[in-house]
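In what follows, a structure is listed as structure tokens, so that the remarks can point back to it.
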Amino acid sequence: MKTEPDTFGIDDLARVKLEPWSGVRNFQARNLMRDEMRVGDEVLFYHSSVAPPGVAGLARVCRTGVVDQTQFDAASPYHDPKSRREAPTWICVDVEFVEKLPRLVPLEELRGMAALADMPLLRRGMRLSVQPATADQYKRIVAAARRRA
DNA sequence: GCCAACGTTGGC
DNA sequence: GCCAACGTTGGC
């Protein structure tokens with residue numbers, strides 16, 4: 001899951017412990033949260049729009065089928081006037097803090113890892129804020145962070 | 001700040 | 001349903 005640390009980063013998640021992943025307004029990303037994620041799924045917490053971008057920490061899906069309340073909030077930048085309460089358009093998940101990695105694993109380093117060649121994150125033009133990763137990719141990134149802390 | 005990539009919007 | 005225009009994302 002990608003996030004801009006200036007807005008909400010791993011330190012913010014560490015502080016609040018649990019956060020509804022609201023504000024996602026892309027159907028593909030919503031479908032991943034709504035249809036693919038399960039309680040207990042491990043999450044790579046990725047910091048974007050900073051130098052350097054990279055995986056900063058770990059989180060976990062702790063609730064699924066969460067109605068994104070910002071869609072009904074007229075004052076929110078994520079307000080969606082077309083969405084109805086009886087059939088909400090935007091469904092997300094709650095994520096809980098697991099840990100801040102001992103070091104940020106930069107995007108550049110991820111690009112250098114052969115085992116990650118197929119990760120959507122590394123594809124050109126990939127902007128999705130929620131993306132799948134395999135268990136193997138997850139383990140390798142965590143291992144890289146611990147190997148050279 | 002630039003710009004490539006890509007999603008969304010809206011005219012037709 | 002097509003597609004050009006536009007807006008956003010996000011690395012650099």
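Just so it is clear, the model here is predicted, and its values are computed rather than measured. Labels below follow one simple rule: chain letters A, B, ... track the order of the sequence lines, proteins then strands, and each chain is numbered from 1. Just so it is clear, the values below take in all heavy atoms, side chains as well, and ignore hydrogens, waters and symmetry mates.
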Nucleotide nearest A:Leu107 when distance is taken to its side chain, options C:dC12, C:dG10, B:dT8: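 So the nucleotide nearest the side chain must be C:dC12.
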I need the [atom1]-[atom2] distance between [X] and [N], as an integer number of Å.
{"X": "A:Asn26", "N": "C:dG10", "atom1": "CG", "atom2": "P", "answer": "10 Å"}
{"X": "A:Leu128", "N": "C:dT8", "atom1": "CG", "atom2": "C1'", "answer": "13 Å"}
{"X": "A:Arg30", "N": "B:dT8", "atom1": "CZ", "atom2": "P", "answer": "10 Å"}
{"X": "A:Arg127", "N": "B:dT8", "atom1": "CZ", "atom2": "C1'", "answer": "10 Å"}
{"X": "A:Arg111", "N": "C:dG10", "atom1": "CZ", "atom2": "C1'", "answer": "11 Å"}
{"X": "A:Tyr78", "N": "C:dT9", "atom1": "OH", "atom2": "C1'", "answer": "12 Å"}
{"X": "A:Met1", "N": "C:dT9", "atom1": "CE", "atom2": "P", "answer": "16 Å"}
{"X": "A:Leu121", "N": "C:dT9", "atom1": "CG", "atom2": "P", "answer": "17 Å"}

Validation row: A:Glu108, A:Pro52 side chains within 4.5 angstrom (heavy atoms):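 Sidechains of A:Pro52 and A:Glu108: no contact.
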Hydrophobic cluster identity match, A:Leu104 and A:Leu110, side-chain contacts under 4.5 Å: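 A:Leu104 does not cluster with A:Leu110.
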Shared hydrophobic cluster for A:Ile91 and A:Val43 (ILVMFWY, side-chain gaps under 4.5 Å):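 Result: no, two separate clusters.
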Selection: residues 41-53 of chain A, any non-hydrogen atom under 4.0 Å of DNA chain C: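 DNA chain C contact set from residues 41-53 of chain A: A:Tyr46, A:Ser48, A:Ser49, A:Pro53.
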A:Phe97, A:Trp21, A:Tyr138 screened by ring pair (Phe, Tyr, Trp, His ring centres under 6.0 Å) with A:Phe45, the one that passes: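 With A:Phe45 as partner, ring pair (Phe, Tyr, Trp, His ring centres under 6.0 Å) holds for just one option, A:Trp21.
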Considering all heavy atoms, the nearest A:Cys92-A:Pro20 contact: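 For A:Cys92 versus A:Pro20, the nearest heavy atoms are SG-C, 4.5 Å.
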A:Trp90 versus A:Val24, closest heavy-atom pair with distance: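 Smallest interatomic distance, heavy atoms only, reads CE3-O, 3.5 Å.
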side-chain N/O A:Lys2 vs C:dG10 OP1/OP2, d < 4.0 Å: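 So the side chain of A:Lys2 is within the cut-off, an N or O lying under 4.0 Å from OP1 or OP2 of C:dG10.
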Residue of the set A:Ser22, A:Ser83, A:Pro88 for which side chain to side chain contact (heavy atoms under 4.5 Å, CB included) holds with A:Val67: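 In the set A:Ser22, A:Ser83, A:Pro88, the residue that makes a side chain to side chain contact (heavy atoms under 4.5 Å, CB included) with A:Val67 is A:Pro88.
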A:Lys139/A:Asp136 salt bridge by N-O under 4.0 Å criterion: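 A:Lys139 and A:Asp136: not salt-bridged.
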A:Glu109 bridged to A:Arg147 by N-O distance under 4.0 Å: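 Looking at A:Arg147 together with A:Glu109, the answer is no, because their closest N to O distance does not fall below 4.0 Å.
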Between N or O atoms, less than 3.5 Å apart, protein on one side and nucleotides 1-6 of chain C on the other: list the pairs.
none

